[in-house]
Amino acid sequence: MLSERAKKIKPSPTLAIDAKAKAMKAAGEDVISFGVGEPDFDTPDNIKEAAGKAMKDGFTKYTAVGGIDPLKDAIIDKLKSDNGLSYRREEIIVSTGAKHSLYNVAQALYGPGDEVIIPSPYWVSYPDQVLLNDAVPVFVETFEADSFRVRPEALEERITKKTKALILNSPSNPTGMIYDRKTLEKIAELALKHNFYIVSDEIYEKLIYGGAEHVSVASLDKEVKMKTVLINGLSKSHAMTGWRIGYAAGPAEIVRAMTNIQSQSTSNPTSITQKAAIEALRGPQDFVVRMREEFDKRRKYLVEELNRIEGMHCLMPAGAFYAFPNTSQLYGKKAGGRQISSSADLALYLLEEARVALVHGSAFGDDNYIRLSYATSLADIKRGVERIKGAVGGLTA
Ligand code: PMP
Ligand code: GLU
C-alpha cells in the first residue's frame with residue numbers, strides 16, 4: 001500500500017529517543033536526558049515579546065512563501081557581518097526549521113541515481129533526505145585521529161560522474177568537530193574541479209568554544225559561493241527549537257526551485273515566528289554569549305568525567321553541544337544475563353539500568369560511539385555521569 005519511498009524511511013532516531021525519555025518521565029521515572037540536541041535555555045523575552053506584538057497587530061495571515069522581506073534583509077545583514085557573504089533577497093529562503101531548508105534543498109537538487117556524499121559520522125536526517133529523493137547516499141568515513149574531519153583524498157575517492165553534492169556540517173552534530181580553513185579550501189577545490197554542490201549546514205555556528213573560528217565555505221571565493229547552499233537557523237543559536245525557523249542562502253535558481261517546492265508543500269513559515277526571528281537576528285545578542293559560556297563549562301566537565309570512565313575515551317569537542325565518546329572497548333562485556341555488543345545495546349542498558357537517555361552511535365553511522373547532548377543542566381550532567389559510571393562499572397568481561 002505504501003510507496004517505495006515511504007518504505008525506505010525510518011523515523012528520526014534522535015526524536016524517537018527524546019519521545020521515549022519524555023514518556024518515561026511522564027510515567028514518573030527519574031530519567032536524565034542526554035538525548036535530544038535542544039538548548040535547555042528558554043527563548044529570550046525580547047523574542048517572545050516580538051511574537052506577542054505580531055499577534056496583537058494581527059500579523060497572522062499568509063506571507064510571501066519564502067519569508068517576508070524584512071526577515072530576508074535581517075538574514076542578509078547577518079550573513080554579511082558574521083560570514084562576510086553578500087546575498088540578494090532572491091538568494092534567500094526562510095523555511096520551517098533548518099531541517100525543512102535541508103529537505104527543500106534535497107528536493108531541488110537530488111534526483112534518481114544522483115550520488116550525495118555524506119561524511120560519517122553524520123547527522124541522522126541527511127541520508128534519509130537523500131533517500132526520499134531516490135538518490136544514493138555515499139558515505140566517506142572520518143576518523144577520531146583527524147578530529148573527524150574528512151580527508152580530502154578520501155573524499156576524492158568517492159567522487160564519480162554522478163556526484164551531485166556533498167553535505168558538510170561544521171560545527172558537527174554528533175562529533176562537535178569544526179572545519180579549519182585549509183581543509184575547506186581543499187574540499188572547495190574538489191567541488192569546483194568535479195562540479196558538485198556543497199550543502200553547508202552551519203546551524204551550530206554560534207556554539208564554538210575556545211576562540212576557534214567558524215569559516216563559512218561559501219566565503220572562500222565567488223566561484224565556491226555559486227556551488228554552495230548555506231543552511232542555518234535559529235533553533236540552536238537563540239533557543240528557538242519549537243518556533244521552527246531555518247533558512248538557506250544560495251544561487252537564485254536553486255532558491256527559486258526551493259521556493260516553488262515550499263509553495264506546494266508548507267507555504268510560508270509561521271508569520272508570527274518570522275517577526276520573532278527578526279528580533280532574534282537584530283536584537284541584543286548577549287543571550288547567545290551567556291548560553292555559549294554555560295555550554296562551555298558543561299562541555300569541559302562532561303568530557304573530563306567521561307574520560308575518567310574505564311573503557312571510554314572522548315575527544316574535546318570544539319563546537320555544538322555534544323560529547324561523542326568512543327565506547328567500543330565496552331562491547332563484549334556483560335551485565336547480569338545481558339551482553340553489550342553494540343552502541344544500541346549500550347544505550348538501551350544505560351536507559352534501563354541507569355535511567356540515562358543518550359543516542360547510540362550507529363544512528364549517526366558509527367557504532368563505536370555514543371552521543372551525549374550537554375544542553376542540559378550541570379546538576380543533571382553530574383547526576384547522569386555518576387549513573388553512567390555506576391552502570392559501566394557493573395559490566396564484567
Ligand atoms: N542540522 C543539524 C546538524 C541539526 O543538528 C539539526 C537539529 N535540529 C538541524 C539541522 C535542524 O534544526 P531545526 O530544524 O530545528 O532548525
Ligand atoms: N538535531 C537535534 C538532534 O540531533 C534535534 C533532533 C532532530 O531534529 O532530529 O538531537
Side-chain angles (χ1 to χ4, degrees), residues 9-22 33-41 43 67 71 75 93-106 118-130 132 148 166-179 198-208 214 229-249 262 266 269-270 273-274 276-277 280-281 295 317 319-324 347 357-366 369-376:
I9 300 308
K10 58 184 181 318
S12 161
T14 42
L15 294 180
I17 284 163
D18 189 45
K20 191 164 179 178
K22 280 186 178 138
S33 186
F34 294 101
V36 77
E38 161 163 81
D40 55 319
F41 291 81
T43 307
L71 176 53
I75 292 167
I93 172 172
V94 188
S95 304
T96 305
K99 191 184 278 185
H100 186 214
S101 304
L102 286 160
Y103 179 84
N104 283 334
V105 179
I118 304 174
S120 76
Y122 47 74
W123 180 51
V124 293
S125 292
Y126 300 145
D128 287 74
Q129 291 193 346
V130 172
L132 269 172
F148 296 107
L166 161 74
I167 305 180
L168 272 189
N169 177 212
S170 179
S172 154
N173 175 5
T175 67
M177 157 292 285
I178 55 177
Y179 274 97
I198 299 175
V199 176
S200 178
D201 180 351
E202 303 178 18
I203 186 121
Y204 294 99
E205 173 196 12
K206 294 288 176 192
L207 300 176
I208 288 189
H214 171 76
V229 183
L230 180 157
I231 306 287
N232 209 331
L234 300 173
S235 284
K236 318 289 170 172
S237 58
H238 293 78
M240 289 178 74
T241 46
W243 297 72
R244 313 306 303 130
I245 284 278
Y247 57 88
Q262 188 159 298
T266 58
T270 310
T273 301
Q274 291 188 62
L281 290 164
F295 283 150
F321 41 53
Y322 305 103
F324 199 57
L358 42 79
V359 187
H360 46 292
S362 49
F364 308 99
D366 201 327
Y369 299 85
I370 56 173
R371 189 195 79 174
L372 294 90
S373 158
Y374 51 85
T376 188

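Everything numeric here is computed off the predicted structure, so don't read it as measured data. Atoms within a ligand are numbered from 1 in the order they appear, just like the ligands themselves.
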Item to check | Verdict with reasoning, Ser95 to Gln262, per side chain to side chain donor-acceptor pair (under 3.5 Å) | outcome: CA-CA 8 Å; Ser95 304; Gln262 188 159 298; 2.8 Å; yes
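With a 4.0 Å cut-off on non-hydrogen atoms, Asn169 touches ligand 1 through its side chain and not its backbone. Contact annotation for Tyr322 and ligand 2: only side-chain heavy atoms (C-beta onward) come within less than 4.0 Å of the ligand. Only the side chain of Thr14 comes within contact range of ligand 2, with a heavy atom under 4.0 Å; no backbone atom does. Residue contacts with ligand 2 for Asn173 involve side-chain atoms from C-beta outward but no N, CA, C or O (heavy atoms, distance under 4.0 Å). Within the 4.0 Å heavy-atom criterion, the part of Lys236 lying near ligand 1 is the side chain and not the backbone.
Heavy-atom distances between Arg244 and ligand 1 reach below 4.0 Å in at least one pair. Note on ligand 1: Thr241 sits outside its first shell, no heavy atom being nearer than 4.0 Å.
Closest to atom 3 (C) of ligand 1 among all protein heavy atoms lies Asp201 OD2, 3.3 Å. At the top of the distance list for atom 16 (O) of ligand 1, counting protein heavy atoms only, stands Ala98 N, 2.7 Å. For atom 9 (C) of ligand 1, the nearest non-hydrogen atom of the protein is Trp123 CH2, 3.4 Å.
Residues Leu102 and Trp123 form a side-chain contact, since some pair of their non-hydrogen atoms from C-beta on lies under 4.5 Å apart. Looking only at side-chain heavy atoms (C-beta outward), Thr270 and Trp243 stay at 4.5 Å or farther from each other.
Set against the non-hydrogen atoms of Tyr126, the atoms of ligand 1 under 4.0 Å away are 3 (C). Distances below 4.0 Å separate heavy atoms of Val36 from the following atoms of ligand 2: 5 (C), 6 (C), 10 (O). Less than 4.0 angstrom separates some heavy atom of Gly97 from each of these atoms of ligand 1: 14 (O), 16 (O). For ligand 1, the atoms lying closer than 4.0 Å to a non-hydrogen atom of Asn173 are 3 (C), 4 (C), 5 (O). Less than 4.0 angstrom separates some heavy atom of Lys236 from each of these atoms of ligand 2: 1 (N), 2 (C). Atoms of ligand 2 lying under 4.0 Å from any heavy atom of Arg371, numbered from 1 in the order shown and given with element: 3 (C), 4 (O), 10 (O). Per-residue contacts place Ser12 under 4.0 angstrom from the following atoms of ligand 2 (heavy atoms of the residue considered): 9 (O). Near Ser235, meaning under 4.0 Å from one of its heavy atoms, ligand 1 places the atoms 13 (P), 15 (O), 16 (O).
For the pair His100 and ligand 1, the shortest N or O to N or O distance does not fall below 3.5 Å. When only interatomic distances are considered, the shortest N/O to N/O separation between Lys99 and ligand 2 falls below 3.5 Å. Considering backbone and side-chain N/O of Leu15, none are found under 3.5 Å from N/O of ligand 2.
Tyr204 and Tyr322 have their aromatic ring centers within a separation under 6.0 angstrom.
Here atom 11 (C) of ligand 1 lies nearest to Lys99 when heavy atoms of Lys99, Glu202, Met240 are compared.
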